[in-house]
Every structure is written in structure tokens, then in C-alpha cells.
2 protein chains.
Amino acid sequence: MKLSTKGQYGTRMLLDLALHEEEAPVLLKDIAQRQQISLGYLEHLVTPLIAGGIVRSTRGAKGGVSLAKPSEQIKLSEVIQLLEGSIAPVACVNDPAVCSRSESCVTRDIWDELKQAMDGVLASTTLQNLVQRQKDKQPLEGAMYYI
Amino acid sequence: MKLSTKGQYGTRMLLDLALHEEEAPVLLKDIAQRQQISLGYLEHLVTPLIAGGIVRSTRGAKGGVSLAKPSEQIKLSEVIQLLEGSIAPVACVNDPAVCSRSESCVTRDIWDELKQAMDGVLASTTLQNLVQRQKDKQPLEGAMYYI
DNA sequence: GGTATTGTATACTATATTAGTCATAATAGT
DNA sequence: ACTATTATGACTAATATAGTATACAATACC
């Protein structure tokens, strides 16, 4: 039940982006440096977020990335869906047809409940929530830079 | 965020075992056949459950496996822990030392909440719950055999 | 005691996934 | 045109998954 680095790093990237929104567009290179993620890998992470309409990119000189919509409209469930695919612990939860037991399988019912519980957390957390939490944790301006 | 087949099959194995408790010990071979899991693989799944004190095995002729404690005392959280290891979506939730950001990281806080939510479902579901659900679903005696 | 039956343990393997790196193309500003 | 920047796709090494195969150990029954 692990989150891959895509989901981990991608969420951190979005939070970093949200925290630097004023200076948009933000350079991937800067995010990479602050978050200590290689630029090449970060490029892979940003692609699905752009395709999913969460991030907007500006190519060329003076370019960079910015949030495509207000941070309070970006739910973590959306982000994880784009980066990791469905959160369902097993395939049959999304598509009963993958297993002939689906109808009668009670373990499947539990995996579905598990999925609902996870979704409850992720769908109720927005990027804005994360930004606020970060500011609450580190009230000093600029303090987040060296982390 | 996928559950591996160990967790999936292992849970099904335990449910099957609980449903056939009266005829203990139950043959792994029979469970394998009913659940359509190869015997060889099932042997891998049962090992950590025995080590974890959930399943008791009897070697030799007329041997087999049985539940080591009442099904109402077997929580799914225990089962998944034994079969999949920690349910934590990222390592830093269990051990802050793996990442220097842990103290100040708000994404980590979310992953921790995610873990709590998952654990809430799994810790509140016992094998007995699954048995009851199965019986509710398939009231006809013997109906569970051909699934 | 011999033998069939059953679980135990270890080694091996094929495939898929993860976590990147690297080179190159496209685009925008100067 | 030149430079800065993101976009894309090919490639790769390491690890995890999902098994299979084989030999071994314990036990019950005759």
C-alpha cells in the first residue's frame, strides 16, 4: 500500500508551487532545487498535472509553471489520481468485470470501504489546506526555503 | 496504492479457512482449489500468518491449517501487517528519521492521516465480520463452494 | 518401522514497476 | 538568430512481484 515517489514528489511540487504563486511562472529548476528532486524527474511528474488541468506551463524564456486554478479548488484526490492512477487497492473495486467473484466477494467489499476511507481524506484536503498548514507550521517568512 | 496479491489472496484464504473451521484442520490443497490460488503460492502466504500467530498448522497425514484464535479476535489490520508490512503510504510516517524534512513536512502529515483512515477500516474489521457478511450474502448452505 | 500425507524452507525465474538519466525537440522572449 | 525554458520519448538499472520447483521435515496411520 505504498505511494510511489510520483505521488509524493508531485504533491510536494504542487505545494512548493502554491507557496511561490506570486512569482509566477515558477521555474521547474527552482522547484527541483528547493525540493531536492532532479529536474529530469520533475519534468515527468509535471506532465500529467498539466494534462489534467492542474498546472499551466509557459515554454521558453521567462517561462515556467503555475497553478491552472486556485489552490482551494485543487483536491489531493485529483492530484493522486493523475499521478498514481486510481487509488483503489485492488482492480476489481473499479471494475467488477476483472474478476468473476466480484459479485459474491466480501473481501472486495472491504477493499471498497478502504478506498472510500482513503478518498475521504484526499478529497477533503485541498492544496490551499496544505499551504495554510505549512504557514501555520513555519510562521517565519522564508523559513520554508531551506527545508 | 495497490494491495499486492499477498494481501488479497491471504485475506481470502483466511476467510475460506474461517468458513470451514468445523472440519479443522483444513487442507491447504482444498483452500487452493476453492480459491483458485496455486498451492505453492498459498504456502508462501500462510507462512507469515503462522509466524504471526493467526494460523496454526498441523503437519503430516490428516494435517492442515486452522485458525490459531477465534475469528472475532483476528483483525484485518493484523493480517495486512503480516502479509504486506506496514500500511503506511510512505516510509517517513513510520520512521521520521528516513527524511530530514519530516518535522516540517505537511505532506507527511497528510500521509499520516491517510494511514489513520486506512487503519480505521482495517482495525475495525475482524475475520468474524467477513464471515458474517459472507453468510448474509449467500444464505444457502454450500453456495459458497462454487464461487 | 515404513509409507503416504502434509506442511516448511530455500532457491530460482520471468515479468512488471519504479525511479530515474539522457538526448532532443518545441517554444517564447530578447 | 540566440538563449532560456519546458516537453517528450528513449533508454536503463534496480527492485518488487508473482509465482514455480525442489528438496526436506514432521506426523499419522497401517
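Protein chains get the first letters and strands the later ones, always in sequence-line order, with residue 1 at the start of each. Just the heavy atoms: all of them, side chains too, but no hydrogens, waters or symmetry mates, feed the values below. Fair warning: this is a prediction, and the values are worked out from it, not measured in the lab.
Distances shorter than 4.0 Å separate some side-chain N or O of S57(A) from OP1 or OP2 on dA7(D). Listed pair Y9(B) / dA18(D) fails the phosphate criterion, with no side-chain N or O lying under 4.0 Å from OP1 or OP2. Residue S38(A) has a polar side-chain atom (N or O) positioned under 4.0 Å from OP1 or OP2 of dT21(C).
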Given the rule in the salt bridge (Lys or Arg N to Asp or Glu O under 4.0 Å) test, do E21(A) and R56(A) qualify, once you have shown the distances and angles that lead to the verdict? CA-CA 12 Å; E21(A) 249 185 329; R56(A) 192 185 321 117; over 6 Å; no
Verify salt bridge (Lys or Arg N to Asp or Glu O under 4.0 Å) between E78(B) and K69(B), making sure each step is shown before the conclusion. CA-CA 13 Å; E78(B) 239 187 302; K69(B) 51 185 180 181; 3.0 Å; yes
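Among dG20(C), dT6(D), dT8(C), the nucleotide with an atom closest to any side-chain atom of Y41(A) is dG20(C). Listed nucleotides: dT30(C), dA7(D), dT10(C). Nearest to the side chain of H44(B): dT10(C). If you check dG7(C), dG19(D), dA7(D) against the side chain of E43(A), the one that comes closest is dA7(D). Ranking dG29(C), dT27(C), dG19(D) by closeness to the A61(A) side chain, first place goes to dG29(C). Distance from the side chain of K29(B) is smallest for dT6(C) among the nucleotides dT6(C), dA18(D), dA7(D). When the nucleotides dT6(D), dA18(D), dA26(D) are ranked by their closest atom to the side chain of S4(B), dA18(D) comes out on top. Comparing dA26(C), dT8(C), dT6(C) by their closest approach to the side chain of L27(B) singles out dT6(C). In this structure, of dA18(D), dT27(C), dA25(D), it is dA18(D) that holds the atom nearest to the side chain of T5(B). Candidate nucleotides dG7(C), dA9(C), dA28(D) were compared by shortest atom distance to the side chain of T47(B), and dA9(C) ranks first. Of the candidate nucleotides dG20(C), dA7(D), dA25(D), dA7(D) has the atom lying nearest to any side-chain atom of I50(A).
Transitive grouping of hydrophobic side chains (ILVMFWY, heavy atoms separated by less than 4.5 Å) keeps L27(B) and L14(B) in distinct clusters.
For N94(A) against K115(A), the heavy-atom pair with the smallest separation is OD1-NZ, 3.2 Å.
Positionally, the nearest nucleotide of DNA chain D for G64(A) lies more toward the 5' end than for the other of G40(A) and G64(A).
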